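In what follows, a single structure is set out as structure tokens and then discussed.
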Amino acid sequence: EQKRPSVEDDQEGASSVEPQLFVTAFARGLAVIRAFGPERPHPTLSDVAKVTGLPRATVRRCLHTLVELGYAESNGRFFSLTPKILTLGYSYLSASPLPRLAQPFLERVSERSHESCSLSILDGEEIVDCVPDIGYHHRGAEKMAERQSWHTYIPYTDRIDYLGGVMNNLPYVLAVEKLAGIKVPDRVDTIRIMMAEFFRITSHLLFLGTYIQDVGAMTPIFFMFTDRMKAYDVIEAITGFRMHPAWFRIGGVAHDLPRGWDKLVREFVEWLPRRLDEYEKAALKNGILRARTIDVAQYNTEEAIEWGVTGPGLRATGCDYDLRKARPYSGYENFEFEVPLANNGDAYDRARVRLEEMRQSVRIIKQCLENMPAGPYKADHPLTCPPPKERTLQDIETLITHFLGVSWGPVMPAGEASQMIEATKGLNSYYLTSDGSTTSYRTRIRTPSFPHLQMIPYVIKGSMIPDLIMLLASIDFVMADVDR
């Protein structure tokens, strides 16, 4: 943060402000910019102070900062603005006149928005530089894990990528099961895979709808929300909840599949493929969408790996790496599916890959439906939490274990474990350290959205404003996934 100026600074005049600190003082700078207009093209310091109502020392610092960064010029007495303009990356704002530009940004800053914004330096319509401004969604999720018990932290994982549902539970419970030495039954693995793929579909449907909407097409998103509701109907029937079931458990799942689950799943997997064909024909083959996205925001495999890009953003460059194939977990090695790839690495290919991933998810869910193993829905292990409720009424040992697991939490052996999965947006992993207590000593969460967002300046420099909109749409990031 910018150091608060002292009285001596006010008396001596404007202190030098490093360019990278300008973003923190940008709100005041825009207030000063608003003082420039047709009636005052070359105001003095006194004119600006009078119009803005800011102290002269503050106005002096802002004006000198604008001069240092090349946004203003001065002959020693009068000031004038240069063609450089700063604007908000998410907004379609006119490059002129400048007073119209200032107000929307000041309102956005004053609201302290809980989403990320992107500050862009423009030369006309060309983006000279772009700085993602993140951090407004930070909740301390990793420190919360060191406060909650191993069991009661599971609902917190749902909110990391709040569109991923039980997909967020999976790397956490797998890492805890490594610590505990738990081997879950085959039925548990298959149920987990089926539900994880359901949430991959719901997340990708939301991506595709908003992606097309960012081009300007409104109709598809309403159809895709209809499909998401059908998927959530199945999820709710099985888990009891829709977006955040927190349904996976250490050693298993919360309860067994209900009667009639197979009918609901079968209806959905027969419904969705035809809809995906319609979306591809009506939207992804649309000439306007293709013109806005093909060869836009491109990067190659080498650049993607250097920046830490994973998931569909990496596979859109032609890199054949899917963790479900490369390092199978939860029994994915027993399923037949293809890894969708593209070659151009642009905004269009990132959408194509996700569309094909939904088809492959339907294929995996069909295999779960047709080959669901029999057996228990929880592992027979002392650290399974909580143990099957029906056994607590039959023997005192299980009753004691159940009581301790729910009240204090299970005690995990000292050690460390890590687990990665191929989540909806890329690689998601949990690194856990246990000191032999009921809570985690250290939890580290690796999410895919943060490295994807940090690549924005590298990819978008030299592009046009509409290209930035399509880059943001094609990334498919979630701010809770970035900031945690």
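Note that the coordinates shown come from a computational prediction; the quantities given were computed from them, not determined experimentally.
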Legend entry - Atom of Pro273, atom of Val362 and distance for their closest heavy-atom approach: CG-CG1, 4.1 Å
Legend entry - Test item: Arg139 side-chain N/O and Ala480 main-chain N/O as donor-acceptor pair under 3.5 Å: yes
Legend entry - Residues Arg442, Glu146: salt bridge by 4.0 Å N-O rule: yes
Legend entry - Ser203 side-chain N/O to Phe199 backbone N/O, donor-acceptor pair under 3.5 Å: no
Inset, instruction - Apply salt bridge (Lys or Arg N to Asp or Glu O under 4.0 Å) to the pair Arg359 and Glu356, showing each step before the final yes or no. - result: CA-CA 5 Å; Arg359 293 191 173 107; Glu356 185 58 34; 3.1 Å; yes
Legend entry - Counterpart residues, ring pair (Phe, Tyr, Trp, His ring centres under 6.0 Å), relative to Tyr431 (two or more places apart): none
Legend entry - Set of residues satisfying side-chain hydrogen bond (donor to acceptor under 3.5 Å, both in side chains) with respect to Arg147, sequence neighbours excluded: Tyr156
Inset, instruction - Indicate yes or no: does Glu422 engage Arg200 in a salt bridge with an N to O separation below 4.0 Å. - result: no
Inset, instruction - Using atom types as modelled and distance alone, determine if a side-chain donor or acceptor of Glu142 lies under 3.5 Å from a backbone N or O of Ile445. - result: yes
Legend entry - From CD1 (Ile421) to OG (Ser330), nearest 0.5 Å: 8.5 Å
Inset, instruction - Answer yes or no: is there a side-chain heavy-atom contact under 4.5 Å between Met372 and Leu369? - result: no
Inset, instruction - Tell me, with the steps shown, if Arg249 and Asn169 meet side chain to side chain contact (heavy atoms under 4.5 Å, CB included). - result: CA-CA 8 Å; Arg249 294 290 182 268; Asn169 304 162; over 6 Å; no
Inset, instruction - Please step through side chain to side chain contact (heavy atoms under 4.5 Å, CB included) for the pair Met194 and Trp261, ending with a clear verdict. - result: CA-CA 12 Å; Met194 181 177 73; Trp261 71 271; 3.8 Å; yes
Inset, instruction - For side chain to side chain contact (heavy atoms under 4.5 Å, CB included), just list the numbers for His452 and Phe477, CA-CA rounded to whole Å, side-chain angles, deciding distance to a tenth of an Å, and then say yes or no. - result: CA-CA 8 Å; His452 297 172; Phe477 62 88; 5.7 Å; no
Legend entry - Arg290 charged N/C atom sitting above Tyr348 aromatic ring, 6.0 Å / 45°: yes
Legend entry - Over 12 non-hydrogen atoms of neighbours within 6.0 angstrom of CD1 in Ile305: yes
Inset, instruction - Please list, chain by chain and in numerical order, all residues satisfying side-chain hydrogen bond (donor to acceptor under 3.5 Å, both in side chains) with Asp233, sequence neighbours excluded. - result: Arg242
Inset, instruction - Hey, could you give me the CD1/CD1 distance between Ile193 and Ile364, rounded to the nearest 0.5 Å? - result: 7.5 Å
Legend entry - Residues that Ser463 engages under side chain to side chain contact (heavy atoms under 4.5 Å, CB included), provided they are two or more places apart: Ile460, Asp467
Inset, instruction - Can you measure from CG (Asn168) to CZ (Phe248) and round to the nearest 0.5 angstrom? - result: 10.0 Å
Legend entry - Trace of the side chain to side chain contact (heavy atoms under 4.5 Å, CB included) decision for Leu174 with Arg192: CA-CA 11 Å; Leu174 288 176; Arg192 286 176 174 177; 3.7 Å; yes
Legend entry - Listed partners of Asp320 passing side chain to side chain contact (heavy atoms under 4.5 Å, CB included), at least two apart: Val339, Leu341
Legend entry - Residues forming a ring pair (Phe, Tyr, Trp, His ring centres under 6.0 Å) with Phe207, sequence neighbours excluded: Tyr211
Inset, instruction - Report the C-alpha separation of Glu270 and Lys366 in whole Å, then their side-chain angles, then the decisive distance to 0.1 Å, and conclude whether the salt bridge (Lys or Arg N to Asp or Glu O under 4.0 Å) test is met. - result: CA-CA 9 Å; Glu270 291 175 354; Lys366 281 183 178 179; over 6 Å; no
Inset, instruction - Could you verify whether a donor N or O on one side chain and an acceptor N or O on the other, from Asn428 and Thr447, lie under 3.5 Å apart? - result: no
Legend entry - Pairwise side-chain contact, Met195 with Trp247, heavy-atom cut-off 4.5 Å (strictly under): yes
Legend entry - Tyr232: side-chain hydrogen bond (donor to acceptor under 3.5 Å, both in side chains) partners, not counting sequence neighbours: Arg228
Legend entry - Shortest non-hydrogen separation from Pro451 to Arg446 and the atoms involved: CG-NH2, 3.6 Å
Legend entry - Side-chain donor-acceptor pair present, Asp227, Tyr279, cut-off under 3.5 Å: yes
Inset, instruction - Give a yes or no on this: more than 12 heavy atoms of other residues, nucleotides or ligands lie within 6.0 Å of atom CZ of Arg327. - result: no
Inset, instruction - Without swapping roles, check the side chain of Thr317 against the backbone of Gly313 for a donor-acceptor pair under 3.5 Å. - result: no
Legend entry - Face-on cation placement of Lys325 at Phe335 ring, 6.0 Å and 45° thresholds: no
Legend entry - Side-chain donor-acceptor pair present, Arg350, Ser474, cut-off under 3.5 Å: yes
Inset, instruction - Return each pair, listed once, that meets ring pair (Phe, Tyr, Trp, His ring centres under 6.0 Å) where at least one residue sits in residues 297-330; pairs must be two or more places apart or across chains. - result: Trp307-Tyr458, Tyr329-Tyr332
Inset, instruction - Determine the minimum heavy-atom distance between Thr443 and Ala145, stating which atoms define it. - result: OG1-CB, 3.3 Å
Legend entry - Note: Lys425-Asp481 ion pair, threshold 4.0 Å (strictly below): no
Legend entry - Under the side-chain hydrogen bond (donor to acceptor under 3.5 Å, both in side chains) test, residues paired with Lys263 that sit two or more places apart: none
Legend entry - Summary of salt bridge (Lys or Arg N to Asp or Glu O under 4.0 Å) pairs that have at least one residue in residues 329-341, sequence neighbours excluded: Glu338-Arg363
Inset, instruction - May I ask you to test the Pro312-Glu357 pair for a side-chain heavy-atom distance under 4.5 Å? - result: yes
Legend entry - Shortest non-hydrogen contact from Tyr162 toward Met243: O-CE, 3.4 Å
Legend entry - Smallest separation among heavy atoms of Ala246 and Pro155, with atom names: CB-CA, 3.7 Å
Legend entry - ring pair (Phe, Tyr, Trp, His ring centres under 6.0 Å) partners for His138, two or more places apart: none
Legend entry - Whether over 12 other heavy atoms sit under 6.0 Å from Glu302 CD: no
Inset, instruction - Can you measure from CG (Asp189) to CG (Leu170) and round to the nearest 0.5 angstrom? - result: 9.0 Å
Legend entry - Polar contact flag, side-chain donor to acceptor under 3.5 angstrom, Asp161-Ser449: no
Legend entry - Gap between atom CG of Leu284 and atom CZ of Arg354 - 0.5 Å precision: 12.0 Å
Legend entry - Those residues that, when tested against Asp295, pass side chain to side chain contact (heavy atoms under 4.5 Å, CB included) (two or more places apart): Gln298, Asn344, Asp346
Inset, instruction - Give a yes or no on whether the backbone of Ile235 and the side-chain of Thr239 come within a donor-acceptor separation of less than 3.5 Å. - result: yes
Legend entry - Least distance between heavy atoms, Pro448 atom then Leu427 atom: CD-O, 3.4 Å
Legend entry - Nearest-0.5 Å distance, CZ of residue Arg275 to CD of residue Glu280: 15.0 Å
